[in-house]
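Owing to the predicted nature of the structure, the values given are computational and were not obtained by experimental measurement. Computed over heavy atoms, backbone and side chain alike; hydrogens, waters and symmetry mates excluded. So you know, we letter chains A, B, ... as the sequences are listed, proteins then strands, and number each from 1.
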There are 2 protein chains.
Amino acid sequence: MKPDALRGHLDALLLATLDGRELHGYAIIEALQQGSGGALDLPTGTVYPALRRLERAGHVVSDWSTVGGRKRRTYQLTQAGQRALRAERSAWREFTTVIDGVLGGDGKWAQT
Amino acid sequence: MKPDALRGHLDALLLATLDGRELHGYAIIEALQQGSGGALDLPTGTVYPALRRLERAGHVVSDWSTVGGRKRRTYQLTQAGQRALRAERSAWREFTTVIDGVLGGDGKWAQT
DNA sequence: AGCTACACATAGCGTCCCTACCCATGAGCG
DNA sequence: CGCTCATGGGTAGGGACGCTATGTGTAGCT
């Protein structure tokens, strides 16, 4: 899968990963790896800036904690973040519906 | 739908629109509008450069024709373009499967 | 002492779509 | 005739955003 395909959908992935639990950045990356069956292997340079964007946008808040001498920044969704997640999910559904339709939802090419 | 969501999937849309027929740029835009139920309204500044990219990549070829005194550039898929289209469709399926899995398309999250 | 895993972070780059324009022709209208 | 609109193609410049590469520091193992 070409990595650029994620453009515009990364926020949704991060919000969904944080839905119902709090995780630190590193754990988010691992959760996405597992949740995607290994298909998503996001580099830290992608995830950390994205989390800061989400924090700036008010969709997540972070808390520092120290575990085993290592500092972790743990993120959790805000109310606005949950709203954003719902919006992202709905936008995703609409998006896939539209693209599926154009790519041939009507069976015009279905069996080649 | 936020327009940026298309990023990385525009080529697939254009190739799919040209699948089995030849169209000129303007007609492609209209075909996408109709094929998407009005959801996709791509500006010419998006479509024309994209078509030139596809031509440079060898996925489409263009022919000039004159209809009613107006010059049209008509595009059609090449063999490589059809191959690319198949690849795009398969990449799209994989992509949606992965994202759906994370976003919880299967009801895993459905009722929180 | 050196290496690996954990954990966070920034800088710079390239891609790619968008906004905003520009050009040309033909038809309809005043 | 001159204006505007629809049709049709095109470029320029910018901004958003994910990626690559790199840097920092701790802990634990050998």
Q: Kindly indicate, with the supporting measurements, whether the criterion side chain to side chain contact (heavy atoms under 4.5 Å, CB included) is fulfilled by B:Ile99 and A:Thr96.
A: CA-CA 10 Å; B:Ile99 307 297; A:Thr96 52; over 6 Å; no
Q: I would like to know whether B:Glu88 and B:Asp11 meet side chain to side chain contact (heavy atoms under 4.5 Å, CB included); could you show each step before the answer?
A: CA-CA 8 Å; B:Glu88 290 280 5; B:Asp11 288 6; 3.9 Å; yes
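With D:dG10, C:dT25, D:dG18 as the choices, the nucleotide that has an atom nearest any side-chain atom of B:Thr44 turns out to be D:dG10. Considering only side-chain atoms of A:Trp64, the nucleotide from C:dT19, C:dA9, D:dG9 that sits closest is C:dA9. Side-chain proximity of A:Leu10 to the nucleotides D:dG9, D:dT20, D:dG18 is greatest for D:dG18.
Using a 4.0 Å heavy-atom distance criterion, B:Arg70 is classed as a base contact. Looking at heavy-atom distances under 4.0 Å, A:Gly68 makes contact with sugar-phosphate atoms alone, never a base. Residue-level contact check: A:Gly45 touches the bases, meaning some heavy atom is under 4.0 Å from a base atom.
Listed pair B:Arg52 / D:dG9 fails the phosphate criterion, with no side-chain N or O lying under 4.0 Å from OP1 or OP2. Note on B:Tyr48: every side-chain N or O is 4.0 Å or more away from OP1 and OP2 of D:dG10. For A:Arg53 and D:dA16, the shortest distance from a side-chain N or O to OP1 or OP2 is not below 4.0 Å.
C:dC17 atom C1' lies 14 Å from atom CD1 of A:Ile99, rounded to whole Å. Separating the NZ atom of A:Lys71 from the C1' atom of D:dA27 is a distance of 16 Å, rounded to the nearest angstrom. Rounded to whole Å, the distance from CZ on A:Arg7 to C1' on C:dC18 is 13 Å. The nearest whole Å value for the distance from the CZ atom in B:Arg56 to the P atom in C:dT15 is 11 Å. Across the protein-nucleic acid pair, A:Tyr26 atom OH and C:dT4 atom P stand 14 Å apart, rounded to whole Å. The distance between atom CD1 of A:Ile28 and atom P of C:dC8, rounded to the nearest whole Å, is 9 Å. Atom P of nucleotide D:dT7 and atom NE2 of B:His24 are separated by 10 Å, given to the nearest angstrom. Per the geometry, CD1 belonging to B:Ile29 stands 12 Å off C1' belonging to D:dG10, to the nearest Å.
In this structure, B:Glu30 and B:Pro49 both approach DNA chain D, and ranking their closest nucleotides by distance from the 5' end singles out B:Glu30.
Residues A:Phe95 and B:Trp92 bring their aromatic ring centres within 6.0 Å.
Salt-bridge check for B:Arg89 with B:Asp19: passed, with a basic side-chain N closer than 4.0 Å to an acidic carboxylate O.
Between atom CZ of residue A:Arg53 and atom CD of residue A:Glu55 there is a gap of 13.0 Å, rounded to the nearest 0.5 Å.
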